[in-house]
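Chain A is the first sequence line, chain B the second, and so forth, proteins listed ahead of strands; every chain is numbered from 1. No hydrogens, no waters, no symmetry mates; every other heavy atom, side chains included, goes into these values.
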Amino acid sequence: METSSIKTILVTAASILVMVITWHLLALMLGHEYILPTPAETARQMIILVSSAGFWPVVLATIGRGLLGFIISLGLGVILGLVAGFSKAAYWLLQPWVTVVRSTPVMSVIILAIIWFESNLVPVVVTLLILFPIIYGNVVAGIMNINKELLEMARMYKVKTWRIVTELYLPSILPFLLAGASTAMGIAWKVIIAAEILSQPQLGIGTNLMIAKIDFATAQVFAWTVVAIVISFVFEYLIRLIETRLNTWS
Amino acid sequence: METSSIKTILVTAASILVMVITWHLLALMLGHEYILPTPAETARQMIILVSSAGFWPVVLATIGRGLLGFIISLGLGVILGLVAGFSKAAYWLLQPWVTVVRSTPVMSVIILAIIWFESNLVPVVVTLLILFPIIYGNVVAGIMNINKELLEMARMYKVKTWRIVTELYLPSILPFLLAGASTAMGIAWKVIIAAEILSQPQLGIGTNLMIAKIDFATAQVFAWTVVAIVISFVFEYLIRLIETRLNTWS
Amino acid sequence: MSFTIDHVNKSFAGLEVIKDLFMQVEENQIICILGPSGAGKTTLLNIISGVIPADRGKISGFADKNISYLFQEHRLLPWKTVEDNIDFVLKDKISLKERKRIIAHYLDMVDLTAFSAYYPSQLSGGMKQRVALARAFAYPSEILLMDEPFKGLDYHLKRTLREAFIKLWQADKRSVFFVTHDIEEALLMGQEIYVLTDRPATVKGKVPNPIPYYERTRNNSALQRIENEIHQLLSSRV
Amino acid sequence: MSFTIDHVNKSFAGLEVIKDLFMQVEENQIICILGPSGAGKTTLLNIISGVIPADRGKISGFADKNISYLFQEHRLLPWKTVEDNIDFVLKDKISLKERKRIIAHYLDMVDLTAFSAYYPSQLSGGMKQRVALARAFAYPSEILLMDEPFKGLDYHLKRTLREAFIKLWQADKRSVFFVTHDIEEALLMGQEIYVLTDRPATVKGKVPNPIPYYERTRNNSALQRIENEIHQLLSSRV
Amino acid sequence: KNQQQPEPSAAKKETVTVDVGALRGATAMGMIKMIAEKPSLGQGVEARYAIEQSPDVLSSKLLSGEMELASIPTNMAANLYNKGVPYQLAAMNTWGVMYVVSNGAAVDKWADLKGQSIRAVSRGASSDVVFRYLLSQNGIDPDKDVNLSYSPAPVELAQLVMAGKTSLACLPEPWVSVVLSKNPQAKVVLDLQQEWIRILGNDMPFAQTCLVVNRDFAARHPEVVQTFLKEYSHSINWVNKNPAAAADLIKENDIGIPAEVAQSAIPRCNLRYMSSRQARPAVEKYLQVLMEFSPETIGGKMPDGNFFY
Ligand SMILES: Nc1ncnc2c1ncn2[C@@H]1O[C@H](COP(=O)(O)OP(=O)(O)OP(=O)(O)O)[C@@H](O)[C@H]1O
Ligand SMILES: Nc1ncnc2c1ncn2[C@@H]1O[C@H](COP(=O)(O)OP(=O)(O)OP(=O)(O)O)[C@@H](O)[C@H]1O
Ligand SMILES: [Mg+2]
Ligand SMILES: [Mg+2]
């Protein structure tokens with residue numbers, strides 16, 4: 001365990017190194033800081049960013065929105081996914097709505113979102129529109145793949161429905177749910193930032209990224225991007241921790 | 001089967017009806033056609049759109065991009081997912097790249113994408129950045145959840161590795177892969193349109209949607225949106241067909 | 001009251017599995033069912049339990065009864081420990097304290113007390129079977145459907161469990177349908193032994209076994225006669 | 001050449017499962033292994049096959065050999081038909097024509113010719129076991145590890161398969177390690193019968209069975225003596 | 001793609017391609033006559049006009065030097081210049097298109113804005129900086145005394161005003177005209193351009209957008225640039241004098257301005273051609289304000305003299 005986790009860290013570090021070197025070479029090749037800044041320049045900008053007073057409120061605002069969007073998506077995805085998984089009728093009732101949510105371009109409804117929600121919440125709503133279908137789809141797939149024999153057993157022994165849901169369905173769909181949740185969590189940051197660019201809340205990585213972008217402060221754009229990636233890394237790690245904690249039995 | 005599929009169609013139709021009525025009521029409530037047109041007005045616009053000469057080339061261009069992005073994502077997701085699933089080292093090598101792909105805001109790299117790729121391809125690249133992680137994540141999860149006993153059996157009987165991959169791994173991860181693919185396929189249209197808005201290829205639903213939006217032709221915006229949703233519906237159906245064809249054994 | 005399986009038929013996609021199967025049995029008996037592999041025994045238990053419907057024919061006497069079904073596979077929840085797997089079917093029916101007692105009791109009976117906190121993946125084949133057995137016993141039911149309950153167990157354990165089962169049954173009589181491939185087991189346990197034909201399964205013959213349990217020993221000549229009768233039935237052609 | 005299992009030890013998270021187990025057996029023999037449920041028999045086969053490593057001790061003679069392992073569970077691919085499940089382990093090793101012949105031969109042996117196009121989910125418990133058995137037989141191997149191969153089969157089928165197996169083995173001698181709970185089976189099949197202690201498993205005793213197969217009948221008194229010896233070993237305390 | 005040779009005289013037959021870009025909207029308006037008529041810029045010179053809908057596409061073409069001439073915000077020109085992207089300010093074309101539109105709110109002087117909720121476009125962009133500057137010059141703290149919120153693009157903001165979902169908006173043309181035409185309640189209450197003149201005492205409002213020229217191209221083909229500027233100044237004058245005819249051209253050529261409003265938008269767009277030398281003081285004044293308020297918008301420093309073509 002000890003040595004393998006050291007190995008893991010080494011391999012990951014090597015991979016990151018290769019990525020940074022690739023980035024550096026590409027930046028040199030392009031030769032224009034305002035198109036692709038070097039990693040060093042980006043790092044310099046990051047230090048300036050992180051040490052500025054406004055940094056943490058901005059980051060926390062985005063993290064808060066991302067988490068809120070994620071949690072609502074998770075809740076909705078699991079509950080509606082279970083409902084759809086349980087009943088064919090519910091599935092077909094929900095299907096058109098899910099398709100609409102899944103495929104409606106954000107641009108088409110952004111104005112409605114701005115009218116109905118305040119600009120702090122718009123990114124949360126937009127995030128929901130992408131994360132919810134990911135989680136819902138995986139939950140439904142998990143239920144479709146449930147072990148029917150276990151289900152028969154539980155019914156035979158007259159186990160209460162809510163117990164079947166929580167103690168048989170939920171653990172069964174866990175691998176699917178975790179796959180969906182970890183993908184959703186990873187994509188969340190990209191989506192929330194895109195949505196912040198659309199709704200321009202006072203505080204938000206997206207707002208800042210956009211301002212840096214129209215100013216051609218590309219190193220700053222990349223610095224914010226690295227911040228987003230780091231956030232994603234951290235939450236990925238958290239999800240992995242939860243994953244190993246939940247999966248003690250196999 | 002016969003009656004149940006009729007039932008399915010009825011339920012789906014009812015659900016769509018409810019959706020359209022909700023939409024109609026909301027439109028009446030808001031009372032501003034340029035924010036939310038009525039379904040009737042949208043339908044009228046759709047008829048105009050569909051019967052116009054330029055309609056099919058635009059739609060086919062977008063479908064082509066969506067499919068290209070989807071297929072590349074599927075290929076990359078399955079291959080890299082299998083590689084990562086097979087080898088811990090490969091997993092940890094790939095992980096940082098996947099995280100970066102997954103969480104880098106499109107906005108940060110859109111200029112690079114436009115410089116590096118022609119405007120027809122930029123949406124494909126952007127779509128890749130969202131669909132690939134969805135499929136990859138599900139493939140990896142599928143492999144993590146593979147039946148280790150079957151694997152032991154195959155190894156014991158010295159089955160060739162490529163057979164283990166194609167005849168044991170692939171069918172095992174199929175439920176995960178299909179879940180990922182169907183979510184990805186659904187989201188693809190939303191993403192491709194968003195990307196077309198950014199990169200403005202000559203032909204594309206996104207390009208037209210944006211033009212309609214700037215012209216305050218909101219009914220036309222919604223007509224294009226409905227087109228996107230219909231495309232999504234059609235491909236969802238195709239994926240479901242493939243699903244039932246692949247799953248004859250359980 | 002009695003149970004009737006009245007000319008039941010069942011096919012799977014053109015494969016006739018059960019054909020005009022008729023059984024009428026008294027309540028609170030141990031009915032053993034013998035028959036070739038793939039005949040339709042499990043299918044019969046599935047029909048009795050309501051897991052699958054019959055194509056034709058009626059079954060009566062089983063409705064509204066609590067049934068403990070020991071499936072042919074163990075059907076344990078992989079994410080629950082031995083203890084929790086049993087608790088899963090008892091919850092909401094029995095008080096916590098009583099449940100603890102029952103679980104401890106049956107785990108002791110199948111000799112798994114030391115493994116109560118183990119997950120199924122950490123158990124041997126026979127141990128999983130025993131957990132499923134304990135679960136079926138622990139569940140408060142009027143009918144026990146048992147599909148090869150003692151398979152994968154060693155000689156001694158089988159005997160212990162057989163005896164424990166008889167004792168249990170004598171103290172609290174329930175209706176038991178007991179599928180087995182072990183003729184000796186059927187002889188030692190059954191009060192009526194049904195022999196089924198090969199697929200499509202129908203009743204080939206039924207052998208009553210009125211010998212009291214305490215007299216059922218290896219050298220009991222009456223038992224040997226019954227054994228011969230069963231052997232003849234098994235090898236006869238219809 | 002011979003096989004040695006040299007003072008092998010194995011624990012799972014503090015649970016001692018195999019302790020100083022020693023066996024030395026000649027090639028091309030049928031070795032039967034008896035022992036209580038949960039003793040460590042499957043664990044032993046897993047160590048022999050290399051599925052899991054031993055904690056301490058060495059095994060020799062098994063390396064580089066082709067092994068047919070009939071696992072305790074059937075381990076069939078649910079998405080492949082009966083035929084394709086067997087073909088799966090033969091492909092790339094044997095020509096298509098030959099494979100067809102082999103598969104047909106062994107499916108006939110386990111009486112499943114009519115079910116070659118069935119998926120595992122459409123088979124009965126005993127039928128799945130038979131497919132696994134056919135697969136193990138069909139695979140060209142020098143060593144056969146068999147974990148309760150005939151479980152879940154009826155009396156007649158068991159006998160047929162036992163006889164077919166002996167015939168097969170006589171025509172083409174391979175080394176067989178045969179775990180069973182059925183003493184009669186061990187008596188009829190084994191050339192050496194190992195009895196293991198309860199967990200942690202170690203060899204409690206070994207009983208040679210030199211009686212030629214054609215003489216192994218119910219009333220053979222030499223066989224009965226061996227049976228008694230085994231019974232004594234099983235019930236003895238170490 | 002520029003097939004020119006070092007000495008143009010040596011190969012007169014060689015064609016010169018001139019890519020001219022603008023973003024859909026007001027910046028393209030003054031160019032409409034050229035877009036429509038494609039006047040000759042000299043022998044063998046081929047002009048291609050691209051009206052980009054996406055700012056990212058225009059940016060990428062400028063950053064990679066693909067455009068010879070483009071109409072872009074002045075601060076962006078300075079910013080690019082400061083970053084070393086080889087573009088120079090060739091001429092001024094638009095002098096502010098920003099207005100505060102009221103939709104029922106009783107506002108007719110700057111002080112009335114105090115305590116109001118106002119929506120503006122694109123947080124941190126030059127138009128936002130100018131608005132904030134003017135607010136603070138009127139004793140209104142943009143972060144405290146008013147409640148400013150933002151839309152990503154003028155389209156959304158215009159939609160909000162049209163639907164009556166916001167009572168005050170700081171909008172650019174031609175969206176002001178769109179709003180006025182669709183919402184009879186809406187009216188222009190403040191003109192940022194006039195306010196600029198009032199506060200800074202200039203004769204010109206703020207130098208919002210300009211025409212930039214690629215430095216290498218300008219050096220190689222000065223005569224083409226000269227011809228272009230002449231035609232451009234023509235075009236702008238023509239548009240100002242013939243708003244109706246210009247509106248027709250705008251309709252024909254679709255540059256992202258709803259045709260119905262083009263005519264009424266033109267007068268409010270403050271289109272005026274001015275050579276870079278002539279415009280330099282006004283431009284520097286404008287950049288100075290941006291520099292003080294938000295240096296990043298012009299790339300962190302005042303551009304040097306070479307910025308002006
Ligand atoms: N992965 C594991 N983790 C913990 N304990 C294990 C694990 N695998 C096996 N065991 C324990 O090892 C012991 C021996 O198991 P094994 O499967 O070898 O028994 P067996 O002799 O084959 O029994 P049976 O006849 O019931 O199949 C059991 O007590 C079991 O609980
Ligand atoms: N879902 C199904 N689809 C098709 N055939 C099925 C299905 N389920 C069972 N069968 C067939 O029904 C027959 C009887 O199966 P069943 O499981 O009842 O046998 P069994 O008597 O319990 O045998 P065993 O002793 O081997 O468990 C078998 O031939 C099997 O192939
Ligand atoms: Mg069965
Ligand atoms: Mg075992």
Side-chain angles (χ1 to χ4, degrees), chain A residues 7-8 11-12 14-16 19 35-36 88-89 92-100 102-108 111-112 115 129-130 133-134 137-138 140-142 144-145 175-176 178-180 182-183 186-187 189-190 193-194 197 206 209-210 213 221-222 224-225 228-229 231-233 236, chain B residues 7-8 11-12 14-16 19 30 35-36 88-89 92-97 99-100 102-108 111-112 115 129-130 133-134 137-138 140-142 144-145 175-176 178-180 182-183 186-187 189-190 193-194 197 206 209-210 213 221-222 224-225 228-229 231-233 236:
Chain A
K7 227 180 184 174
T8 297
V11 171
T12 308
S15 180
I16 294 175
M19 188 158 26
I35 294 181
L36 183 60
K88 274 277 146 210
W92 290 112
L93 269 181
L94 282 171
Q95 203 46 38
W97 298 81
V98 172
T99 304
V100 166
R102 205 147 72 165
S103 50
T104 299
V106 171
M107 265 301 161
S108 311
I111 187 72
L112 287 175
I115 290 177
L129 297 183
I130 299 224
I134 296 180
N138 271 30
V140 169
M144 297 288 165
N145 282 279
F176 284 87
L178 283 171
S182 104
T183 303
I187 290 183
W189 310 110
K190 161 190 262 166
I193 287 172
I197 287 171
L209 199 150
M210 192 62 199
K213 189 162 170 255
V221 170
F222 275 71
W224 282 115
T225 304
I229 293 169
I231 294 175
S232 178
F233 245 119
E236 203 173 308
Chain B
K7 226 180 184 173
T8 296
V11 170
T12 308
S15 179
I16 293 175
M19 189 157 29
L30 271 166
I35 289 185
L36 184 60
K88 273 277 146 210
W92 289 112
L93 268 181
L94 284 171
Q95 202 46 38
W97 297 79
T99 304
V100 167
R102 207 149 69 167
S103 50
T104 298
V106 170
M107 269 300 161
S108 311
I111 299 247
L112 276 179
I115 290 176
L129 297 184
I130 299 224
I134 296 180
N138 270 29
V140 169
M144 297 288 165
N145 282 279
F176 284 86
L178 283 171
S182 105
T183 303
I187 289 183
W189 310 110
K190 161 190 264 166
I193 288 173
I197 287 172
L209 198 150
M210 194 63 199
K213 200 175 149 162
V221 170
F222 274 72
W224 282 115
T225 305
I229 293 169
I231 295 174
S232 179
F233 246 120
E236 203 173 307

For [X], is it the side chain, the backbone, both or neither that has a heavy atom under 4.5 Å from a heavy atom of chain A?
{"X": "B/L209", "answer": "side chain"}
{"X": "B/L129", "answer": "both"}
{"X": "B/I35", "answer": "both"}
{"X": "B/I111", "answer": "side chain"}
{"X": "B/F176", "answer": "both"}
{"X": "B/L30", "answer": "side chain"}

Heavy-atom pairs under 4.5 Å with chain B: which of A/K88, A/M144, A/M107 has the most?
A/M107
Of all of A/V98, A/L94, A/I197, which one pairs up most often with chain B through heavy atoms under 4.5 Å apart?
A/I197
Options [options], ranked by heavy-atom pairs under 4.5 Å with chain A, top entry:
{"options": "B/G186, B/A89, B/G180, B/A141", "result": "B/G186"}
{"options": "B/I134, B/I193, B/L178, B/V106", "result": "B/I134"}
{"options": "B/P96, B/A194, B/G137, B/S232", "result": "B/P96"}
{"options": "B/E236, B/Q95, B/M210", "result": "B/E236"}
{"options": "B/I16, B/L93, B/L36", "result": "B/L93"}
{"options": "B/N138, B/V140, B/I231, B/N145", "result": "B/N138"}

Would you find a donor on one side and an acceptor on the other, under 3.5 Å apart, between the side chain of A/T225 and the backbone of A/V221?
yes
Is a side-chain donor or acceptor of B/T183 paired with a backbone partner of B/A179 at a separation under 3.5 angstrom?
yes
State which residues pass side chain to side chain donor-acceptor pair (under 3.5 Å) with B/T12; sequence neighbours excluded, sorted by chain then number.
none
Under the side chain to side chain donor-acceptor pair (under 3.5 Å) rule, collect the residues that match up with B/S182, sequence neighbours excluded.
none
Report yes or no: do B/S15 and A/W97 form a side-chain donor-acceptor pair below 3.5 Å?
yes
One should read off an interatomic distance between A/T104 OG1 and B/I229 CD1, to the nearest 0.5 angstrom, of 3.5 Å
Rounded to the nearest 0.5 Å, what's the gap from CZ on B/F233 to OG on A/S103? Could you check?
8.0 Å
Can you see which heavy atom on B/R102 is nearest to which on B/P133, and at what distance?
CD-CB, 3.4 Å
Portion of A/I187 that has a non-hydrogen atom of chain B nearer than 4.5 angstrom
both
